[in-house]
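Okay, so here's the structure we're looking at.
Computed from a prediction, not measured in an experiment: that's the story for all the values here.
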Amino acid sequence: MTSNERVVVIGTGLAGVRLARRLGELGTPALLIGEEEHRPYNRVLLAEVLAGRYSPEVIALPAPAALTRGRVTGIDRAARTVRCADGSVIAYGTLVLATGSNPVLPPLRGLFTENHQLPEGVHAFRTMDDCLGLSKAVRPGMKAVVIGGGLLGVSAARALALRGAQVVLAQQSERLMERQLDPAASKLVRRHLTDLGVEVHTDLRVRDVRCVGGAVRSVEMADGYALDADIVVLACGVHPRVGLAQAAGLEVRKGIVVDDELRTSDPDIHALGDCIQHHGTVYGLATPALEQADALAELLAGDPTARYTGTRSLTRLTLNGQDSPFDLAAFGETEALPGDDVVQLADATRGTYRKVVVRDDRLVGGVLVGELGTVGALARAWEGAEPLPSDGGPLLHLLTNDGGS
């Protein structure tokens, strides 16, 4: 394959590595370009590295042989080349953008130094370098403030608590993981963190980061209350990394706009993973990225019928505590609308909670906390979107087939 025919993939996250590996298996090798110095890794497991449960080597991905390191600074669509920071130019026949996402940095006073850098002790939590820097900084007994109570913030707070830090989690909205969980499940997550020693504050907006000598010392809330802090972790979400695409003149809205062939507004450029918007949706999750990579690999390897038509994805999180793991899973719509049917089972002693929402005899969502033996069967019923039997018996069985609660 000549350089003008080859597939070039920018990005070495889950999506880019999966695509390059699948293309190699299908006889269409790709050149993978990554800007991080580390081996490609599974970003989903960074919190386990921070907690000290895994070493960076454990979460490494099997990278394809054709991997080059460098930061791509521009795309010449007319010449079909990409330009790298070291001055090198790489030709492509088909280009794939798997540029991922960037952490959201909230507009807080004092967050940046005069050189537009984060102050000492303030950490984003998105890359392996972020993780290793934070891991090096944390010490038993130090005061850590995590800003953000979504999936990433909960994981970071749990990891820091397991490392012995005194952790405060500050969440602006009224409950933890509100995008994925209903109020009852959020309450159980909060209880789990509290049992680990995490102090959780909701309905609390952070206003200011106070520094002395370029290092963080406290975080001030909108009500004037201040939290002492040796380290601050920003876990306020992510947004698609679209700078290259925008500079190249590709269509960008919330993410890089792609069709069912994962093709951008340039027919020679595809995109996948966290950086894309497909039919109005930005997923930002691992499962859709992997499914997109598999579909695009089939298409680029010569299957003209291969398409990506969307993902109904399930959120799953395991919080490993001092005694036993705390598992949760959520899918679809976890909050009922008027007229929906809800089946809900809870056991406060065992710390289990299960709820499913049924609309027009179809399972439209659910949340499970604790024992997840039923999650596979429930997810299949949801993904299939088939009508449920009218007597409700099989649904109740799905909820209780491991003994119930």
CA sep, side-chain torsions, deciding dist, call: Arg179, Thr315, side-chain hydrogen bond (donor to acceptor under 3.5 Å, both in side chains): CA-CA 10 Å; Arg179 291 181 58 189; Thr315 298; over 6 Å; no
One pair to check against salt bridge (charged side-chain N to carboxylate O under 4.0 Å, His left out): Glu36 and Arg71. What are the steps and the verdict? CA-CA 8 Å; Glu36 292 193 54; Arg71 182 170 62 87; over 6 Å; no
Evaluate side-chain contact (heavy atoms from CB on, under 4.5 Å) for Leu108 paired with Asp208, printing each intermediate quantity in order. CA-CA 5 Å; Leu108 305 178; Asp208 198 355; over 6 Å; no
Test Leu134 against Ile231 for side-chain contact (heavy atoms from CB on, under 4.5 Å), laying out the working first. CA-CA 8 Å; Leu134 186 54; Ile231 55 176; 3.9 Å; yes
Start with the C-alpha distance between Tyr308 and Glu261, add both sets of side-chain angles, then the distance that settles side-chain hydrogen bond (donor to acceptor under 3.5 Å, both in side chains), and finish with yes or no. CA-CA 6 Å; Tyr308 173 74; Glu261 295 183 7; over 6 Å; no
I'd like to know whether Met221 forms a side-chain contact (heavy atoms from CB on, under 4.5 Å) with Val206, so could you lay out the CA-CA distance, the side-chain angles of the two residues, the decisive distance to 0.1 Å, and finally the verdict. CA-CA 4 Å; Met221 305 301 146; Val206 177; 3.7 Å; yes
Asn42/Tyr54 under side-chain hydrogen bond (donor to acceptor under 3.5 Å, both in side chains): CA gap, chis, key distance, verdict: CA-CA 12 Å; Asn42 185 347; Tyr54 296 155; over 6 Å; no
Go through the steps for Ser88 and Arg83 under the test side-chain hydrogen bond (donor to acceptor under 3.5 Å, both in side chains), then give the verdict. CA-CA 6 Å; Ser88 62; Arg83 181 178 63 259; over 6 Å; no
Take Arg359 and Asp341, measure what side-chain contact (heavy atoms from CB on, under 4.5 Å) needs, and give me the verdict at the end. CA-CA 6 Å; Arg359 181 178 306 146; Asp341 293 318; over 6 Å; no
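With hydrogens and angles left out, the side-chain atoms of Arg163 and Ser135 include a donor and acceptor closer than 3.5 Å. One side chain, Asp303 or Thr305, offers a donor N or O that lies under 3.5 Å from an acceptor on the other. Side chains of Thr94 and Arg6: no donor on one and acceptor on the other come within 3.5 Å. No donor-acceptor contact under 3.5 angstrom links the side chains of Asp259 and His279, judged on distance only. Defined by atom type and a distance below 3.5 Å, a donor-acceptor pair is missing between the side-chain atoms of Tyr92 and Asp76.
Looking at Lys254, its side chain does come within 3.5 Å of a backbone N or O of Gly280 through a donor-acceptor pair. In this structure, the side chain of Gln171 does not engage the main chain of Thr202 through any donor-acceptor pair within 3.5 Å. Under a 3.5 Å cut-off, the side chain of Thr264 and the backbone N or O of Asp266 do form a donor-acceptor pair. Panel note: side chain Arg53, backbone Leu50; no donor-acceptor pair is recorded below 3.5 Å. No donor-acceptor pair closer than 3.5 Å links the side chain of His270 to the backbone N or O of Val96. Gln172 places no side-chain N or O within 3.5 Å of a backbone atom of Arg205 that could act as its donor or acceptor partner. Looking at Asp294, its side chain never comes within 3.5 Å of a backbone N or O of Glu291 through a donor-acceptor pair.
With a 4.5 Å cut-off on side-chain heavy atoms, Arg126 and Leu152 do not count as touching. Contact annotation: the side chain of Cys84 approaches that of Ile90 to within less than 4.5 Å [non-hydrogen atoms, C-beta and beyond]. Proximity of Leu272 to Val258: side-chain heavy atoms (C-beta onward) are nowhere separated by under 4.5 Å. At a threshold of 4.5 Å between non-hydrogen side-chain atoms, the residues His123 and Asp130 do not count as touching. In this structure, Arg43 and Leu14 have side chains that are not in contact, with every pair of non-hydrogen atoms separated by 4.5 Å or more. Contact check for Leu97 versus Ile75: side-chain heavy atoms found under the 4.5 Å cut-off. The side-chain heavy atoms of Leu151 and Met177, taken from C-beta on, include a pair separated by under 4.5 Å. Between Val168 and Val146 there is no side-chain heavy-atom pair separated by less than 4.5 Å.
Distance check: Leu176 CG to Leu188 CG gives 11.0 Å after rounding to the nearest 0.5 Å. A distance of 4.5 Å separates CD1 of Ile59 from CG of Leu46, quoted to the nearest 0.5 Å. Atom-to-atom distance recorded for Ile147:CD1 and Leu105:CG is 10.5 Å, nearest 0.5 angstrom. Summarising the geometry, atom NZ belonging to Lys187 is positioned 11.0 Å from atom OH belonging to Tyr353; distances are rounded to the nearest 0.5 Å. How far OG of Ser155 is from CG of Leu45: 10.0 Å, rounded to the nearest 0.5 Å. Rounding to the nearest 0.5 Å gives a distance of 5.5 Å between CD1 of Ile10 and CG of Leu244.
Checked for salt-bridge contact, Arg39 and Glu57 miss the test: no charged N lies under 4.0 Å from a carboxylate O. With respect to the salt-bridge test (charged N to carboxylate O, under 4.0 angstrom), the residues Glu220 and Arg210 qualify. For Arg312 and Glu383, the salt-bridge test fails: no basic side-chain N is under 4.0 Å from an acidic carboxylate O. The residues Arg80 and Asp268 are annotated as salt-bridged, a charged nitrogen and a carboxylate oxygen being separated by less than 4.0 angstrom. A salt bridge links Glu35 to Arg241: at least one charged side-chain nitrogen sits closer than 4.0 Å to a carboxylate oxygen. Taking the charged nitrogens against the carboxylate oxygens, Asp230 and Lys143 have no contact shorter than 4.0 Å, which rules out a salt bridge. Salt-bridge annotation for Glu335 and Arg175: present, with a side-chain N of the basic residue lying under 4.0 Å from a carboxylate O of the acidic one. Between Arg22 and Glu298 there is a salt bridge, since a side-chain N of the basic residue sits under 4.0 Å from a carboxylate O of the acidic one.
Within 6.0 Å of atom CD in Glu251, more than 12 heavy atoms from other residues, nucleotides or ligands are found, so the atom counts as buried in its surroundings. Open room surrounds CZ on Arg139; 12 or fewer heavy atoms of other groups in view lie less than 6.0 Å from it.
Only one option out of Leu67, Leu23, Thr68, Val8 pairs with Leu32 in a side-chain contact (heavy atoms from CB on, under 4.5 Å); it is Leu67. With His38 as the partner, the side-chain contact (heavy atoms from CB on, under 4.5 Å) test is satisfied by one option alone out of Thr127, Leu132, Thr12: Leu132.
Val198 and Ala157 get closest at one heavy-atom pair: CG2-O, 4.0 Å. Considering every non-hydrogen atom in both Val154 and Gly149, the closest pair reads CG2-O, 3.8 Å. Considering all non-hydrogen atoms of both residues, Val219 and Ala229 come closest at CG2-CB, 4.4 Å. Residues Ala329 and Val375 come closest through the heavy atom pair CB-CG2, 3.7 Å. Residues Pro240 and Val282 share a closest heavy-atom pair of CG-CG1, 3.7 Å. Contact detail for Ala289 and Ala15: the closest heavy-atom pair is CB-CB, 3.9 Å.
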